[in-house]
Structures are given as C-alpha cells and as structure tokens.
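Once you've had a glance at the structure underneath, I'll fire off some questions.
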Number of protein chains: 2
Amino acid sequence: MKSIAETIRRGELLSAECPSREVLKHVTSRWGVLLLVVLLGGTHRFSELHRKIGGVSEKMLAQTLKWLEQDGLVLRKSYATVPPHVEYSLTPLGLEVGKRVESLADWIEFNLPRIMEVRQQTSAVEAMEERVS
Amino acid sequence: MKSIAETIRRGELLSAECPSREVLKHVTSRWGVLLLVVLLGGTHRFSELHRKIGGVSEKMLAQTLKWLEQDGLVLRKSYATVPPHVEYSLTPLGLEVGKRVESLADWIEFNLPRIMEVRQQTSAVEAMEERVS
DNA sequence: CGGTATCCTGACCGATACTG
DNA sequence: CAGTATCGGTCAGGATACCG
C-alpha cells in the first residue's frame with residue numbers, strides 16, 4: 001500500500017489536467033505573490049493591504065483574497081461592527097507557501113542588479129547585430 | 001556607506017514601479033514556473049520541453065524561453081547543423097531561482113490533498129448558506 | 001469600511017500557416 | 001527541428017458606480 005505522498009510525488013504538475021495548476025495559478029498570480037509576502041508580516045485589514053500593495057485595484061485584491069481563502073491559505077475574520085472590520089491573516093498552510101514565495105521574491109529583489117546587467121548586455125548585442133544586418 | 005544589499009532590502013517589490021515585478025512576472029508566469037522546474041532536471045531541446053510540459057503551445061514556449069533568456073536565467077545554445085539543434089539549460093542564476101520555484105511547486109503538489117479538502121468544505125458551507133437564504 | 005456589479009479595453013494566448 | 005507571422009477569441013484586470 002503506497003502512501004498518498006508516494007502516489008502523487010513528482011511530475012503530476014507537468015500534466016495539463018493536474019489540479020495543482022489551479023492552486024499554482026492563484027499563488028503565482030500577479031497579486032497573489034505580493035499578498036502572501038505582505039501577510040507574512042502579520043494580520044492586515046483590507047484597506048491596509050490595498051495601501052501597501054502598490055498598483056492593485058480593489059477588485060483584484062478582493063478576488064485574489066477570495067482565491068487564496070478558498071484554497072485554505074488565507075483566513076478571513078469579519079467582525080460584526082459598524083463600520084465593518086475585516087482582518088486577513090495566513091493559515092498554517094498559507095504560512096508554508098508564504099515562506100517559499102517570499103524566498104523567491106527576496107532572491108529576485110536581491111539579485112535584480114545582476115539580472116539587469118545581463119539585460120543590458122543582451123540589448124547591446126542585439127543593437128550590434130541590427131547594425132550588421 | 002551602505003552595501004547594495006542593505007540599500008535595496010525589503011519592500012521595493014511592493015512599489016508599483018519596482019523593476020523586480022517584471023522579472024517576477026516572467027518567473028511566475030504560467031509556463032515560466034514549469035519551464036524552470038523541467039530545466040532543473042538538466043539540458044533539454046525545444047521539442048523535448050514542448051513534449052514534457054503538457055498544454056503549452058510552441059508560441060508560448062518560445063516566448064517564455066526568450067523572457068527567461070533575456071533575464072539571464074536560461075542559456076540557449078544553438079548548433080549550426082541541418083536540421084538545427086538547439087539546447088536550453090539553466091545559468092547559475094537560473095539554477096538559484098529554479099530551486100526556489102521548485103520548492104514552491106513541490107509543496108503545492110505534496111499538499112494538494114489538504115488544499116482540496118479545504119475547498120470541499122468551503123463549497124459545502126456555501127451550499128448550506130444558499131439553502132438558508 | 002469593505003466590498004459587489006457592470007462595463008470595457010488591451011494583453012495573453014491558442015490555432016494555423018509559413019520559413020531557414 | 002526550431003522556430004516566426006498573423007489572426008482572432010478569451011480573459012485578466014482597470015474604471016466607475018453602487019450597496020450593506
């Protein structure tokens with residue numbers, strides 16, 4: 001009898017029908033990444049998230065929050081007050097993905113100079129080849 | 001005198017104009033993630049990538065490869081033979097991101113059962129609330 | 001305050017056909 | 001084999017207005 005872990009293992013993700021793709025889509029979505037990173041910093045209210053994440057619209061913020069909530073990564077706590085008070089935080093599951101996403105985001109921020117350098121060189125080479133042809 | 005690392009640090013990514021967003025977009029794009037994971041397994045030819053990554057079109061594969069190549073994450077080696085022979089592999093930079101992306105992908109695959117379970121519960125609750133209203 | 005509903009545009013992306 | 005070119009549809013996502 002194989003364990004679930006052994007049965008699923010690697011490579012499923014490469015299949016077009018793999019349900020993991022859906023979750024991956026939410027997590028790696030334009031605002032999903034940033035949302036997870038911010039929420040790693042602690043509980044936030046809707047308006048706080050909206051302010052911290054530059055460029056996000058209310059619509060997309062709400063939608064992304066809903067995705068992650070349905071995937072069990074984000075916890076939504078609503079207090080029945082007037083005016084309304086809603087708090088978002090990471091579930092234990094969300095904390096796990098969050099850490100991995102942050103690791104990726106941090107790496108990119110930290111190594112951006114090296115990447116920009118490569119980009120410069122590439123466009124320089126292309127400009128030369130342009131002149132030759 | 002601050003080091004570059006200290007100067008950049010955290011939070012730049014949260015600003016809408018941060019150039020990191022562009023790289024993040026390429027890496028976390030629909031096919032970027034899968035591409036990096038596959039290339040972690042070693043050098044591949046175009047057709048091999050196309051076969052391994054279920055559901056990707058030639059167009060999007062070529063485009064994603066080009067993005068990652070320009071970001072210095074993927075190395076493209078072309079041999080002047082007939083028929084053409086092109087090999088793609090990860091640069092040292094690409095290896096770094098690749099490992100982090102794989103960590104994320106692996107986590108999702110492995111924990112998918114737990115996530116699906118949450119999803120089920122959510123839709124069950126919604127069905128109940130539907131009946132009440 | 002914390003959303004939802006609606007409309008709308010551009011970008012993404014797949015299908016097809018063609019090329020070195 | 002390894003792409004590029006073009007077309008067209010879908011959809012992410014922004015703007016605006018409105019609601020509990």
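This is a predicted model, so every value here is computed, not measured.
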Practice task
Report yes if a side-chain nitrogen or oxygen of B:Y88 is closer than 4.0 Å to either non-bridging phosphate oxygen (OP1 or OP2) of D:dG3; otherwise report no.
Solution key: yes

Practice task
Please state how far atom NE2 in B:H85 lies from atom P in D:dG3, giving the value in whole angstrom units.
Solution key: 11 Å

Practice task
Tell me which of A:E58 and A:W31 sits closer to the 5' end of DNA chain D, going by the nucleotide each one is nearest to.
Solution key: A:W31

Handout entry: Under-4.0 Å side-chain N/O to phosphate OP1/OP2 contact, B:K25 with C:dC12
Key =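 B:K25 to C:dC12 OP1/OP2: side-chain N or O found under 4.0 Å.
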
Exercise for the section: Could you tell me the separation between the NE2 atom of A:H44 and the P atom of C:dG3, rounded to a whole number of Å? Expected result: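 Nearest whole value for this atom pair: 15 Å.
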
Practice task
For A:K99, enumerate each residue passing the salt bridge (charged side-chain N to carboxylate O under 4.0 Å, His left out) test, keeping only those at least two apart in sequence or located in another chain.
Solution key: A:E96

Practice task
Say whether B:M60 and B:L34 are linked into one hydrophobic cluster, either directly or through other cluster members, by side-chain heavy-atom distances under 4.5 angstrom.
Solution key: yes

Exercise for the section: Grab the NE2-C1' distance between A:H26 and D:dC11 for me, whole Å please. Expected result: 14 Å

Problem - Rounded interatomic separation in angstrom, taking CD from B:Q63 and C1' from C:dG14 - result: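 Atom CD in B:Q63 sits about 12 Å away from atom C1' in C:dG14.
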
Practice task
Assign B:Y79 to base, sugar-phosphate, or nothing according to its heavy-atom contacts below 4.0 angstrom with the strands shown.
Solution key: nothing

Exercise for the section: Look at B:S47 and D:dA2 and indicate whether a side-chain polar atom (N or O) is within less than 4.0 Å of OP1 or OP2. Expected result: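 Answer yes for this pair, as a side-chain N or O of B:S47 is under 4.0 Å from OP1 or OP2.
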
Problem - Distance below 4.0 Å between B:R30 side-chain N/O and C:dA11 OP1 or OP2 - result: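 So the side chain of B:R30 is outside the cut-off, no N or O lying under 4.0 Å from OP1 or OP2 of C:dA11.
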
Exercise for the section: For the residue pair B:L90 and B:V74, establish whether any side-chain heavy-atom pair is separated by less than 4.5 Å. Expected result: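 A side-chain contact exists here, since the closest heavy-atom pair is under 4.5 Å.
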
Handout entry: Same cluster (ILVMFWY, side-chain, under 4.5 Å), A:I108 and B:W67
Key =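 Different clusters: A:I108 never reaches B:W67 through Ile, Leu, Val, Met, Phe, Trp or Tyr contacts under 4.5 Å.
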
Handout entry: Rounded distance in Å - NZ (A:K59) to C1' (C:dG3)
Key =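 Going from A:K59 (NZ) to C:dG3 (C1'), I get 13 Å.
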
Exercise for the section: Would you kindly give the CG-to-P distance between B:L61 and C:dA15, to the nearest whole Å? Expected result: 14 Å

Practice task
Would you check if the side chain of B:E12 reaches a backbone N or O of A:E109 as a donor-acceptor pair within less than 3.5 Å?
Solution key: no

Handout entry: N/O (side chain, A:R76) to phosphate O (OP1/OP2, C:dG3) under 4.0 Å
Key =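 Yes.
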
Exercise for the section: Grab the CE-P distance between B:M60 and D:dA5 for me, whole Å please. Expected result: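 Computing the B:M60:CE to D:dA5:P distance gives 15 Å.
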
Problem - A:H50 NE2 to C:dT4 P, straight-line distance once rounded to whole Å - result: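 To the nearest whole Å, that distance equals 14 Å.
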
Problem - N or O in side chain of A:R45 less than 4.0 angstrom from C:dG2 OP1/OP2 - result: yes

Handout entry: Given DNA chain D, 5'-ward residue of the pair A:W67 and B:K66, judged by closest heavy atom
Key = B:K66

